[in-house]
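Quick one: structure below, then a few questions.
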Amino acid sequence: MKHYLQFKDLTADEYGYLFERAALIKKKFKAYEKHHPLTDRTLAMIFEKASTRTRVSFEAGMYQLGGSVVHLTTGDSQLGRAEPIEDSAKVISRMVDLVMIRTFEQTKIERFAAHSRVPVINGLTNEFHPCQILADLFTFIEHRGSIRGKTVAWVGDGNNMANTWLQAAELLDFKVHLSTPSGYEVDAAVAGVSRRDCYQVFKDPMDACRGADLVTTDVWTSMGYEAENEARRLAFADWCVDAEMMAVAKPDALFMHCLPAHRGEEVEGDVIDGPQSVVWDEAENRMHVQKALMEYLLLGRVA
């Protein structure tokens with residue numbers, strides 16, 4: 001049994017399989033071809049952090065695989081409050097086949113997984129967002145081919161997305177250019193990467209974008225940090241991805257954003273709505289890669 005709690009939980013070979021499988025599953029979806037490998041299987045979704053894309057992509061995806069879904073919010077589950085996380089894991093995992101959790105501390109999902117009888121998927125924690133980077137990589141491959149040897153520019157907060165990009169770079173052999181405001185840097189120890197050559201830090205976001213194959217960012221204030229909103233708005237003022245940043249990237253560079261986006265803050269409207277943006281493909285692809293992931297965690301490699 002495998003869990004998917006952070007990007008490095010799978011190997012490069014497993015990711016190669018997942019990308020191929022996601023492409024096939026997406027092709028079937030577009031052709032209205034039924035694909036029900038998870039008939040009679042149930043996914044429990046536990047949300048301590050609300051989400052539009054995570055809920056729709058997992059719920060629609062599981063139904064499209066022939067399975068069913070149980071949706072639990074903070075009031076329904078109260079992980080670690082109404083009962084210990086370990087007890088919740090033992091009970092819930094006896095009733096379903098798969099669990100997706102979107103919560104705050106990574107330690108919560110790790111404690112749950114340690115006592116679960118079924119695979120657990122990280123739908124987002126403060127530290128990591130592996131399903132989003134899985135979708136981003138698949139989207140890049142769809143548009144530009146292999147990411148190996150390419151350069152990804154991360155402009156903005158040193159958050160869970162940045163941490164996960166570093167893990168992906170180390171595992172799949174590409175490079176990340178990081179540019180964050182002072183005080184909001186990525187902590188390599190939290191990211192859990194050992195290869196210093198898989199990323200480079202830049203004070204100036206323009207330098208980070210120079211020659212990049214992909215420019216990507218996220219909101220300046222992630223969920224749970226709303227009290228810092230005004231301070232972050234001031235600190236991040238020069239880290240708005242604009243046309244000038246895209247102009248110094250490669251001519252065919254793509255732009256990505258995990259959404260929701262605030263035009264005029266972390267990205268200008270003419271970038272996210274421009275010809276280099278693939279954010280809508282990226283959003284849709286969350287569903288397709290997660291379908292491939294759920295199928296793999298429950299059935300292994302399908303011939």
Side-chain angles (χ1 to χ4, degrees), residues 1-5 7 9-10 14-73 76-77 92-93 95-103 109 113 116-124 128-143 164 256-260 278-303:
M1 184 182 70
K2 291 179 180 289
H3 299 299
Y4 193 58
L5 308 185
F7 195 87
D9 284 345
L10 300 182
E14 287 175 306
Y15 281 114
Y17 168 79
L18 285 180
F19 294 140
E20 289 182 6
R21 194 68 187 165
L24 175 64
I25 289 171
K26 183 175 181 178
K27 183 179 178 181
K28 287 185 173 185
F29 173 80
K30 296 296 185 182
Y32 296 95
E33 183 179 340
K34 190 178 292 186
H35 181 68
H36 286 175
L38 300 187
T39 300
D40 294 331
R41 302 294 185 100
T42 302
L43 165 70
M45 303 192 304
I46 302 173
F47 286 91
E48 290 202 307
K49 282 189 177 184
S51 171
T52 299
R53 277 151 295 278
T54 298
R55 178 175 179 179
V56 174
S57 60
F58 269 107
E59 189 162 345
M62 190 60 174
Y63 285 135
Q64 290 165 22
L65 293 172
S68 56
V69 177
V70 176
H71 176 245
L72 300 171
T73 63
D76 300 318
S77 59
I92 293 170
S93 67
M95 300 177 180
V96 301
D97 302 281
L98 191 63
V99 178
M100 185 283 297
I101 302 177
R102 184 178 171 97
T103 187
I109 197 170
S116 173
R117 294 167 55 151
V118 301
V120 177
I121 297 172
N122 181 352
L124 175 143
F128 301 108
H129 199 356
C131 289
Q132 182 63 56
I133 301 305
L134 185 63
D136 293 0
L137 289 167
F138 178 64
T139 305
F140 185 91
I141 291 166
E142 274 192 322
H143 285 267
T164 310
M256 293 187 191
H257 190 306
C258 62
L259 304 177
V278 291
V279 298
W280 315 119
D281 291 342
E282 179 188 4
E284 178 189 338
N285 282 337
R286 277 286 299 277
M287 182 176 72
H288 302 304
V289 295
Q290 288 166 185
K291 285 160 73 174
L293 176 65
M294 291 189 289
E295 181 189 72
Y296 178 64
L297 293 176
L298 288 178
L299 303 180
R301 298 192 185 219
V302 179

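Basis for what follows: all heavy atoms, side chains included, without hydrogens, waters or symmetry-related copies.
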Min side-chain heavy-atom separation Pro119-Tyr4 under 4.5 Å: no

Taking the six-membered ring for Trp, are the ring centroids of Phe128 and Phe7 within less than 6.0 Å of each other? no

Could you please spell out the steps behind the ring-ring contact (aromatic ring centres under 6.0 Å, His included) verdict for His288 and Phe29? CA-CA 9 Å; His288 302 304; Phe29 173 80; 5.1 Å; yes

Give the C-alpha distance, both sets of side-chain angles, the deciding distance and a yes or no for side-chain contact (heavy atoms from CB on, under 4.5 Å) between Leu298 and Leu98. CA-CA 8 Å; Leu298 288 178; Leu98 191 63; 4.2 Å; yes

Evaluate Lys49 against Leu124 for side-chain contact (heavy atoms from CB on, under 4.5 Å), listing each step before the verdict. CA-CA 8 Å; Lys49 282 189 177 184; Leu124 175 143; 3.5 Å; yes

Relative to the ring of Tyr296, is the ring of Tyr17 parallel (under 30°), tilted (30 to 60°) or perpendicular (over 60°)?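 Tyr17 and Tyr296: tilted rings.
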
Where is the tightest heavy-atom contact between Ser51 and Arg53, given as atom of each residue plus distance? OG-N, 3.5 Å

Do you know which two heavy atoms are closest between Arg117 and Ser93, and how far apart they sit?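 Nearest pair, atom of Arg117 first, then Ser93: N-OG, 3.1 Å.
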
If you define the side chain from C-beta out and look only at heavy atoms, does anything of Leu43 sit under 4.5 Å from Phe58? yes

In Å, rounded to the nearest 0.5 Å, how long is the span from NE2 of His36 to OH of Tyr63? 12.5 Å

Non-hydrogen atoms of Val289 and Cys131 that approach each other most closely: CG2-O, 4.3 Å

Spatial distance of atom CD (Glu142) from atom CG (Leu137) [nearest 0.5 Å]: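 That separation rounds to 12.0 Å.
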
Taking all non-hydrogen atoms of both residues into account, name the closest pair between Asn122 and Leu5 and its distance. ND2-O, 2.9 Å

Hey, does Arg102 have a side-chain heavy atom less than 4.5 Å from the side chain of His129? yes

What I want to find out is whether Arg301 reaches Glu14 closely enough, with some N-O distance under 4.0 Å, to be called a salt bridge.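 No, Arg301 and Glu14 are not salt-bridged.
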
Which of these passes side chain to side chain donor-acceptor pair (under 3.5 Å) with His35: Gln64, Glu295, Lys27? Glu295

Under 3.5 Å, is there a donor-acceptor pair between the side chain of Glu282 and the main chain of His257? yes

Any side-chain heavy-atom pair of His143 and Val278 under 4.5 Å: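 Yes; the side chains approach each other to less than 4.5 Å.
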
CG (Leu297) and CE (Met100) are apart, to the nearest 0.5 Å, by 13.0 Å

Could you check if a side-chain atom of Leu134 sits within less than 4.5 angstrom of a side-chain atom of Tyr15, using non-hydrogen atoms only? yes

Please evaluate residues Leu293 and Leu10 with respect to the criterion side-chain contact (heavy atoms from CB on, under 4.5 Å), reporting the C-alpha separation (whole Å), side-chain torsions for both, the decisive distance (0.1 Å), and the verdict. CA-CA 11 Å; Leu293 176 65; Leu10 300 182; 4.3 Å; yes

Regarding Arg41 and Ser68, do their side chains bring together a donor and an acceptor under 3.5 Å, going by distance alone? no

Heavy atoms only: give me the nearest His3-Ser116 pair and the separation to one decimal.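 The pair with the smallest heavy-atom distance is CE1-CB, 4.4 Å.
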
With rounding to the nearest 0.5 Å, note down the distance linking CD1 in Ile133 to CE in Met256.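 Going from CD1 on Ile133 over to CE on Met256, the span is 9.5 Å.
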
Before giving the answer on side-chain hydrogen bond (donor to acceptor under 3.5 Å, both in side chains), spell out for Thr139 and Asn285 the whole-Å C-alpha distance, their side-chain angles and the decisive distance to 0.1 Å. CA-CA 7 Å; Thr139 305; Asn285 282 337; 2.9 Å; yes

Rounded distance (nearest 0.5 Å) linking atom CZ of Phe138 with atom CD of Glu20: 10.5 Å

Salt bridge check, Lys30 against Glu284: does any charged N sit closer than 4.0 Å to a carboxylate O?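 Looking at Glu284 and Lys30, the cut-off is met.
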
Please assess Val99 against Ile46 for the test side-chain contact (heavy atoms from CB on, under 4.5 Å), listing each intermediate value before the final yes or no. CA-CA 8 Å; Val99 178; Ile46 302 173; 4.0 Å; yes

Got a second to check how far Ile92's CD1 is from Thr42's OG1, nearest 0.5 Å?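 With rounding to 0.5 Å, CD1 (Ile92) is 13.0 Å from OG1 (Thr42).
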
Which atom pair, heavy atoms only, marks the closest approach of Ile121 to Met294?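 So the minimum-distance heavy-atom pair works out to CD1-CG, 3.8 Å.
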
